[in-house]
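In what follows, a single structure is set out as structure tokens and then discussed.
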Amino acid sequence: YIELKQRLIGFGYCFLNASDTEVIMAAYLEWGEKCVNEFNGMWAFCLYDIEKKTLFCSRDRLGVKPFYYFQQGEKFVFSSELKGILKHEKLQINTLTNVNQEAVELYFSLGYIPAPATIYNHVFKLEAGSYIIYDLQENRISKKYSYYQFPIRQKSYNRGQLVEEGKELIKHSVKLRMRSDVPVGAFLSGGLDSSSVVGEMKHFTDLTKLHTFSIGFEEKKFDESHYIHLVKDYFHSLHNHHIYTEDNFIDTWSLYTNIFDEPFADYSSFPSYTVCGMAKKKVSVVLSGDGG
């Protein structure tokens, strides 16, 4: 957003603060709906266009940030979490008769409910790389557009070139995400993805002051502590390691109906919850290898 802000200043825009949110608004004024093509990162937002009497609702390219919305008749409600929409009791969403039967079948087939469906009828997830325009005068979605698709690349067999391009992409990505007003840490699993991220972080911070976090398991066939210790010893980071136990599971499983707004079958979320709790005691932002 810093580079984008400089471009917009060149176009004559003035900014009152240092937030990235103000850059989104200026970009919309300059490029309209196409402003999302200029953004690099993760987001979910809704902009109210006073002149057009429309809501511009957008979600980032890979759908990292969630965006839920309810639409039925002239009612339109949106939230970053499903439970935010359920607070509108007059909508009567959270009832047995309103369960989306197709979503139930998708859950038992896939272990989760893919966008745009949710567990409830009339409630949807905005798909990754998409935006909608809601017309407040006509009370309807006037436009739904997928602005991003994965690019189709030509095959390359030049290993050296691919390695160098990959390294530059990771370095640039990590550099942008190291921008923060609060302390930044990293999840470190001992795998190739998170290890690569921490390896790139050394270009932008002192690793001896960097907090890293990991989870081990009592059950040895799931435990990667050996590889985690190899990596953390190599980087000399301020490492925080926890062995996940049956008691950890018992302490957290009852929280899950509130944390997850709909059925979700990936049990790796249990240790993920624990490692996030560890991290929160030390830092506010964490880089990870998820999606790497």
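Between Y120 and N100 there is no side-chain heavy-atom pair separated by less than 4.5 Å. A 4.5 Å side-chain heavy-atom check between W43 and R61 finds at least one atom pair inside the cut-off. Contact check for F76 versus I132: side-chain heavy atoms found under the 4.5 Å cut-off. Considering only heavy atoms from C-beta on, E30 stays 4.5 Å or farther from R7 through its side chain. Using a 4.5 Å heavy-atom cutoff, the side chains of D261 and E81 are in contact. Using a 4.5 Å heavy-atom cutoff, the side chains of L8 and W31 are in contact. The shortest side-chain heavy-atom distance between F56 and D49 does not fall under the 4.5 Å cut-off. Counting heavy atoms from C-beta outward, C46 and Y134 have side chains that stay 4.5 Å or more apart.
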Walk me through it: do Q92 and N98 pass the test side-chain contact (heavy atoms from CB on, under 4.5 Å)? CA-CA 8 Å; Q92 296 183 327; N98 195 45; over 6 Å; no
Trace of the side-chain contact (heavy atoms from CB on, under 4.5 Å) decision for F15 with V23: CA-CA 8 Å; F15 292 87; V23 176; 4.1 Å; yes
Step by step, would you call E164 with K167 a side-chain contact (heavy atoms from CB on, under 4.5 Å)? CA-CA 5 Å; E164 289 306 311; K167 286 166 65 176; 3.6 Å; yes
Quick one: do L176 and R179 satisfy side-chain contact (heavy atoms from CB on, under 4.5 Å)? Show the steps, please. CA-CA 6 Å; L176 289 181; R179 291 174 176 171; 3.7 Å; yes
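More than 12 heavy atoms of other residues, nucleotides or ligands shown are found within 6.0 angstrom of CG on L110. Counting non-hydrogen atoms of neighbouring residues, nucleotides and ligands closer than 6.0 angstrom, the CG atom of L238 exceeds 12 such neighbours. Applying the 6.0 Å contact sphere to CZ of F264 captures more than 12 heavy atoms from other residues, nucleotides or ligands. The local environment of OH in Y244 is crowded, with over 12 non-hydrogen atoms from other residues, nucleotides or ligands closer than 6.0 Å. Summarising the local packing, CZ of F108 is surrounded by 12 or fewer heavy atoms from other residues, nucleotides or ligands at distances under 6.0 Å.
Partners of S130 under the side chain to side chain donor-acceptor pair (under 3.5 Å) rule, at least two apart in sequence or in another chain, do not exist in this structure. In this structure, F213 has no ring-ring contact (aromatic ring centres under 6.0 Å, His included) partners at least two apart in sequence or on a different chain. For Y145, the side chain to side chain contact (heavy atoms under 4.5 Å, CB included) partners at least two apart in sequence or on another chain are Y131, K143, Y147. K232 pairs by the side chain to side chain donor-acceptor pair (under 3.5 Å) definition with nothing, not counting sequence neighbours. Under the side chain to side chain donor-acceptor pair (under 3.5 Å) criterion, S79 pairs with no residue, sequence neighbours left out. Residues passing the side chain to side chain contact (heavy atoms under 4.5 Å, CB included) test with H241 are S214, S225, I228, H229, H239, I243, sequence neighbours excluded. Under the rule for a salt bridge (charged side-chain N to carboxylate O under 4.0 Å, His left out), the partners of E262 that lie at least two apart in sequence or sit in another chain are K125. By the side chain to side chain contact (heavy atoms under 4.5 Å, CB included) test, I24 is found to be paired with F39, F45, L47, residues two or more places apart in sequence or in another chain being considered. K75 is linked by a side chain to side chain contact (heavy atoms under 4.5 Å, CB included) to F70, L91, counting only residues two or more places apart in sequence or in another chain.
Residue pairs that meet the salt bridge (Lys or Arg N to Asp or Glu O under 4.0 Å) test with at least one member in residues 199-220, sequence neighbours left out, do not exist here. Legend: salt bridge (Lys or Arg N to Asp or Glu O under 4.0 Å) pairs involving residues 86-112, not counting sequence neighbours: none detected.
By the criterion of side-chain heavy atoms lying less than 4.5 angstrom apart, applied directly or through intervening Ile, Leu, Val, Met, Phe, Trp or Tyr residues, I113 is grouped together with L82 in one hydrophobic cluster.
The heavy-atom pair separating A128 from G63 by the smallest distance is CB-N, 3.4 Å. Considering every non-hydrogen atom in both P271 and Y267, the closest pair reads CD-O, 3.5 Å.
Summarising the geometry, atom CZ belonging to F270 is positioned 9.5 Å from atom CG belonging to L255; distances are rounded to the nearest 0.5 Å. Here the NE2 atom belonging to H211 is positioned 13.0 Å from the NZ atom belonging to K281, to the nearest 0.5 angstrom. One finds the CD1 atom of I141 at 12.5 Å from the OG1 atom of T54 (value rounded to the nearest 0.5 Å). Rounding to the nearest 0.5 angstrom, the gap separating the OH atom in Y256 from the CD1 atom in I259 is 5.5 Å. Atom CD1 of I85 is separated from atom NE2 of H122 by 13.0 Å, given to the nearest 0.5 angstrom. Interatomic distance, CZ of F260 versus NZ of K83, reported as 9.5 Å (0.5 Å rounding).
Between E127 and K144, at least one side-chain N (NZ, or NE/NH1/NH2) sits under 4.0 Å from a carboxylate O, which counts as a salt bridge.
The closest side-chain donor-acceptor pair between T245 and N248 falls under 3.5 angstrom. Between the side chains of D266 and S268, at least one donor-acceptor pair of N or O atoms lies under 3.5 Å.
Cluster partners of V197 are I170, V174, M178, V182, V184, L188, V198, M201, F204, L207, L210, V231, Y234, F235, V285, L287, counting Ile, Leu, Val, Met, Phe, Trp and Tyr whose side-chain heavy atoms approach within less than 4.5 Å, directly or via other members.
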